[in-house]
Amino acid sequence: MIDYYETKTHPITKRMVLDAYKHVRDNGGSAGIDEQSISDYAKHLSDNLYKLWNRMSSGSYFPSLVKEVKIPKKSGGTRSLGIPTVEDRIAQQVVKSYLEPKVDESFHPSSFGYRKGRSAHQALAQTHKWCKHLSWVIDLDIKGFFDNIDHELMMKAVQHYTKEKWVLMYVERWLKMGVMKGTGVEQREKGTPQGGVISPLLANIFLHFAFDKWMEKNFPPIKFERYCDDIIVHCASLAQAEYLKQKIAGRLKDCKLELNEDKTNIVSCPSSRYPSRHGKRSFNFLGYTFRPRWIAYADGGELAFTPCMSSVAKKSVKDSVREMQFKRKQIPIQRMAVLLNPKIRGWIAYYCKWNKWTTIDLWWWMNNRLVRWVMKTRLFSKKRAYRWLQGIYKTQPGLFVHWQLLRP
């Protein structure tokens, strides 16, 4: 790959392919249907990238089947992910890198998911802000969003941003590519596989027109937050919330989507300023539970509707720790800290942004897990294991990151 700017029929340069590979390599990911990992692909990197550039720039590139993988959902059940091959992920990154700068600046300021410079914490902060000022929320759930995106409407949305034939051609090929399931190959007539490099961008483009722009045009005063297909809408009254829910359901139906009535809820946001006796008084959003709680001050206190780490997120953290099976690991405690701390540091950074004291039960569980590990590996009684761990804390108080929140 010497001449990075040599092109063929389509204006795809070798530099674009090389940069896309670097993105995919840095993000990692598992192998697709061909079982080729990123490290395997890199063994013949120059040849592989040249072949991919040659096929993409001539229009002869066709993606491989997508590998279906079932992963557990935090709320129960499983979610289907479509894992493309490494080569297909690189090809998708080429198109994403070209298309994203053209579309992102047009997105609604209340769209936060999978956008450069925007984060889940920003979405949560805005949600917290408007829950203080508006006393009702619609917690929206779109039924099987990624599986039900209409291909024709999706292509119309992409065509709004670009007329480049190579972009439209490859997006359409990815949309139509079949999925390898346990029972065989399933051809897709709708939907985009959740797990592809370009899928989040396509989802944002679709919902930009299906929801964001429609809300902006028809209900400009209404505040909302959207993180991909997770949507929170703020209302001033119960009547307004019920009316908006009906209108949004109609809009989604026009876009060949369906509101999940079982998981879509109208929630009151009671506080000292806005007391309410409405039955549903909490909702989950991006791993946090928003609910009323009493906030104590030196001179009294107040009822506030605030976020804290959700019980579903806590269960997910515990499951992640259990999967490590560290009770069986005969290793020094310093090595155990090396294994656990990167995960704990990430959990604290994300889930302790608001009301970190509500996570104390999780760190108590983590300490108890460490005690059980000490009992198992050192054959100590529970009491002796506690004392031994407390001795470690006295000499190395920063050994485990969560000890800053709850000592053993």
Side-chain angles (χ1 to χ4, degrees), residues 99-118 120 122-131 133-146 148-163 167-168 171 175 190-192 199-261 263-267 269 283 285-286:
L99 190 58
E100 194 168 36
K102 300 180 182 299
V103 306
D104 190 79
E105 63 181 15
S106 72
F107 286 162
H108 197 280
S110 291
S111 168
F112 295 93
Y114 307 106
R115 295 181 61 190
K116 188 175 181 180
R118 292 184 165 260
Q122 290 176 324
L124 289 161
Q126 182 170 302
T127 306
H128 187 205
K129 170 187 173 183
W130 289 117
C131 283
H133 295 89
L134 297 166
S135 54
W136 295 88
V137 151
I138 312 173
D139 178 15
L140 292 171
D141 186 276
I142 302 175
K143 195 171 186 178
F145 170 69
F146 280 92
N148 292 299
I149 292 177
D150 183 78
H151 288 176
E152 184 179 351
L153 292 177
M154 183 76 258
M155 291 307 301
K156 284 183 179 179
V158 176
Q159 287 167 13
H160 177 82
Y161 290 108
T162 181
K163 303 300 180 185
V167 173
L168 300 174
V171 169
L175 289 174
K190 61 180 180 179
T192 179
S199 295
L201 179 61
L202 295 181
N204 271 336
I205 291 173
F206 191 93
L207 284 174
H208 172 68
F209 292 105
F211 184 81
D212 300 354
K213 292 292 288 183
W214 177 80
M215 287 288 290
E216 187 177 58
K217 178 181 177 181
N218 294 279
F219 304 100
I222 298 298
K223 308 299 181 183
F224 68 88
E225 294 81 38
R226 183 175 66 78
Y227 196 95
C228 200
D229 61 327
D230 291 331
I231 305 172
I232 300 296
V233 180
H234 301 271
C235 302
S237 67
L238 176 58
Q240 185 184 57
E242 290 173 340
Y243 174 77
L244 265 176
K245 179 185 173 184
Q246 181 183 5
K247 289 296 182 181
I248 292 169
R251 172 59 179 174
L252 292 177
K253 187 175 181 180
D254 291 342
C255 297
K256 301 184 180 180
L257 294 172
E258 184 181 352
L259 200 64
N260 190 329
E261 293 289 346
K263 295 183 178 180
T264 295
N265 297 299
I266 294 176
V267 181
C269 308
F283 65 90
F285 184 48
L286 302 178

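Hydrogens, waters and symmetry mates play no part in the numbers below; they use all other heavy atoms, side chains included. Numbers here simply count residues along the sequence, with the first being 1.
- Atom CZ of F206 is separated from atom CG of L201 by 14.0 Å, given to the nearest 0.5 angstrom.
- Using a 4.5 Å heavy-atom cutoff, the side chains of R115 and N204 are in contact.
- The backbone N or O of D212 lies less than 3.5 Å from no partner atom in the side chain of E216, so there is not a single donor-acceptor pair.
- Not one N or O on the side chain of S111 forms a donor-acceptor pair closer than 3.5 Å with the backbone of F107.
- Under the side chain to side chain contact (heavy atoms under 4.5 Å, CB included) criterion, E152 pairs with D150, K156, not counting sequence neighbours.
- At least one donor-acceptor pair under 3.5 Å links the side chain of S106 to the backbone N or O of V103.
- Inter-residue side-chain proximity for H234 and I222 is flagged as unmet; no heavy-atom pair is nearer than 4.5 Å.
- Annotation: the span from I138 atom CD1 to L244 atom CG amounts to 5.0 Å, rounded to 0.5 Å.
- Atom CG of L238 sits about 9.5 Å away from atom OG of S135, to the nearest 0.5 Å.
- Interatomic distance, D104 CG to I205 CD1, rounded to the nearest 0.5 Å: 10.0 Å.
- With sequence neighbours excluded, no residue forms a ring-ring contact (aromatic ring centres under 6.0 Å, His included) with F146.
- For F224 and H108, the distance between ring centers is under 6.0 angstrom.
- M154 is listed as a side-chain neighbour of L202, based on a closest heavy-atom distance under 4.5 Å.
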Test side chain to side chain contact (heavy atoms under 4.5 Å, CB included) applied to M155 and V171, step by step: CA-CA 8 Å; M155 291 307 301; V171 169; 3.8 Å; yes
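- Using a 4.5 Å heavy-atom threshold, the side chains of N148 and E258 count as separate.
- Within the 4.5 Å cutoff, the side chain of L140 has heavy atoms near those of the V233 side chain.
- At least one side-chain heavy atom of V137 sits under 4.5 Å from a side-chain heavy atom of C131.
- In terms of heavy-atom proximity, C235 sits nearest to A241 at SG-CA, 3.6 Å.
- Proximity of a side-chain donor or acceptor of D139 to a complementary backbone N or O of V267 within less than 3.5 Å is not detected.
- Shown here are the side-chain hydrogen bond (donor to acceptor under 3.5 Å, both in side chains) partners of Q126, two or more places apart in sequence or in another chain: S110, E225.
- When atom types are taken as modelled, the side chain of R118 and the backbone of Y114 share no donor-acceptor pair closer than 3.5 angstrom.
- Although no hydrogens or angles enter the test, the distance criterion places no donor-acceptor pair under 3.5 Å between the side chain of T192 and the main chain of L175.
- For residues 231-245, the set of pairs meeting the salt bridge (charged side-chain N to carboxylate O under 4.0 Å, His left out) definition, not counting sequence neighbours, comprises K245-E261.
- Residues N265 and F283 are not in side-chain contact: their nearest non-hydrogen atoms beyond the backbone lie 4.5 Å or more apart.
- Scanning for ring-ring contact (aromatic ring centres under 6.0 Å, His included) contacts around F219 gives W214, with sequence neighbours left out.
- Taken from NE2 in H133 to NE2 in H128, the straight-line distance is 10.5 Å, to the nearest 0.5 Å.
- Atom CG of D230 and atom CG of D141 lie 7.5 Å apart (nearest 0.5 Å).
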Listed pairs under 3.5 Å, donor-acceptor, residues 246-254 side chains, sequence neighbours left out:
from : atom 1 : to   : atom 2 : distance (Å)
R251 : NE     : A210 : O      : 2.9
R251 : NH2    : F209 : O      : 2.9

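- The two residues L286 and A123 come nearest to each other via the heavy atoms CD1-CB, 3.9 Å.
- Using a distance-only test at 3.5 Å, with no hydrogens or angles considered, no donor-acceptor pair links the side chain of H208 to the main chain of K213.
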